[in-house]
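Written out below as structure tokens is the structure these notes cover.
Ligands are counted one by one from 1 in listed order, and the atoms in each one are counted from 1 as well.
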Amino acid sequence: MRTPLIAGNWKMNLDHLQAIALVQKLAWTLQDSGHDPKAVEVAVFPPFTDLRSVQTLIAAERFELALGAQDLSPYESGAYTGDVSGAFLKALAAAYVIVGHSERRAMHGETDEIVNAKALAALKHDLVPVVCVGETAEDLERHGSSAVPVAQVRTALLGVPDDADVVVAYEPVWAIGSGRAATPDTAQEVCAALRAAIAEDHGQAFADRTRLLYGGSVKSGNIASFMHRPDVDGALVGGASLDPGEFAAIARFPKHVSID
Ligand code: 13P
């Protein structure tokens, strides 16, 4: 069974006070709507400066929400001004960390090799890396939808132990923040290609348990069409995760996949 994961990437939005207000509303809305955390896992990825406040709130109120960070350093500690170690994230009870988001690839020059080093650093600290892959509009025109994400995932997962827990998010760059999501058929096709490549490199069991998310203009109105596809195990949500009612509505679409 792959438990669906609905993940909210807040990007550079909400300070720690706004974060507390959002998480409270989100948790209450989920509770009120009878959300079953065993059926659908919900995770939030606030900015670094919010992590401590959000972690304290989740622990104090026993909210059924997982916590993740948006990035980490490939290094352990030392003279890396502005960077944050996976060790520090683990100390804040983070379960997940996003690596290789297209915004970091585009604006911070993150290569597939850096993304790979970050994924390995995450695993070293017992954090589940949420490895983002996806083609730009130009890649799409030149190579179609699957080739670039498949190449990215192969490099990102080099050297990952076969018993590791990772999540892969397919986020076509042209679909992010555009209001123009990929079609569910495309999401399925690319996720199936990603799973096949992962199986080839890391074995079928690894591929079968790895959750593949779709991201890019996901909303409550289109989530069901993605979740009904066999290789889409959840969503990485940007803009719509900033609205607790909308994000809770997205999490109300459970899907169970039997892998045996
Ligand atoms: P939007 O949901 O705002 O398109 O962003 C998707 C994304 O980049 C999540 O990481």
Among all protein heavy atoms, pick the one closest to atom 2 (O) of ligand 1 and tell me residue, atom and distance.
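Scanning the protein heavy atoms, the shortest distance from atom 2 (O) of ligand 1 goes to G238 N, 2.8 Å.
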
Starting from atom 7 (C) of ligand 1, which protein heavy atom do you reach first, and at what distance in Å?
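Checked against all protein heavy atoms, atom 7 (C) of ligand 1 sits closest to E171 OE2, 3.1 Å.
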
Test item: side-chain donor near acceptor, [X] and [Y], under 3.5 Å:
{"X": "E103", "Y": "H108", "value": "no"}
{"X": "H101", "Y": "E110", "value": "no"}
{"X": "S53", "Y": "T56", "value": "no"}
{"X": "D32", "Y": "T29", "value": "no"}

Report the part of L236 (side chain from C-beta onward, or backbone N, CA, C, O) that has a heavy atom under 4.0 Å from ligand 1; answer both or neither where that applies.
both

Kindly identify the option in G239, A169, A240, A181 whose heavy atom sits closest to atom 3 (O) of ligand 1.
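It is G239 whose heavy atom sits nearest to atom 3 (O) of ligand 1.
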
Can you give the donor-acceptor pairs under 3.5 Å from side chains of residues 126-135 to other protein atoms, not counting sequence neighbours?
{"from": "E135", "atom 1": "OE1", "to": "Y170", "atom 2": "OH", "distance (Å)": "3.0"}
{"from": "E135", "atom 1": "OE2", "to": "Y170", "atom 2": "OH", "distance (Å)": "3.1"}
{"from": "E135", "atom 1": "OE2", "to": "W174", "atom 2": "NE1", "distance (Å)": "2.9"}

Decide whether an N or O pair under 3.5 Å exists between [X] and ligand 1.
{"X": "G177", "answer": "yes"}
{"X": "N9", "answer": "yes"}
{"X": "S178", "answer": "no"}

Run the numbers for me: atoms of ligand 1, each under 4.0 Å from some heavy atom of S217, listed by number.
1 (P), 2 (O), 4 (O)

For H101, take its heavy atoms, then give the atoms of ligand 1 lying under 4.0 Å from any of them.
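The atoms of ligand 1 under 4.0 Å from a heavy atom of H101 are 7 (C), 8 (O), 9 (C), 10 (O).
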
Between R154 and E200, is there a salt bridge with N-O shorter than 4.0 Å?
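A salt bridge is present here (some side-chain N lies under 4.0 Å from a carboxylate O).
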
Quick one: sort the Y75 and Y80 rings into parallel, tilted or perpendicular, breaks at 30° and 60°.
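Plane angle under 30°, so parallel.
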
ring-ring contact (aromatic ring centres under 6.0 Å, His included) partners of Y214, counting only residues at least two apart
F226

When you measure from the heavy atoms of G216 to every atom of ligand 1, does any distance fall below 4.0 Å?
yes

Using non-hydrogen atoms of the residue, decide whether K219 is closer than 4.0 angstrom to ligand 1.
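For ligand 1, residue contact (heavy atoms, under 4.0 Å) with K219 is absent.
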
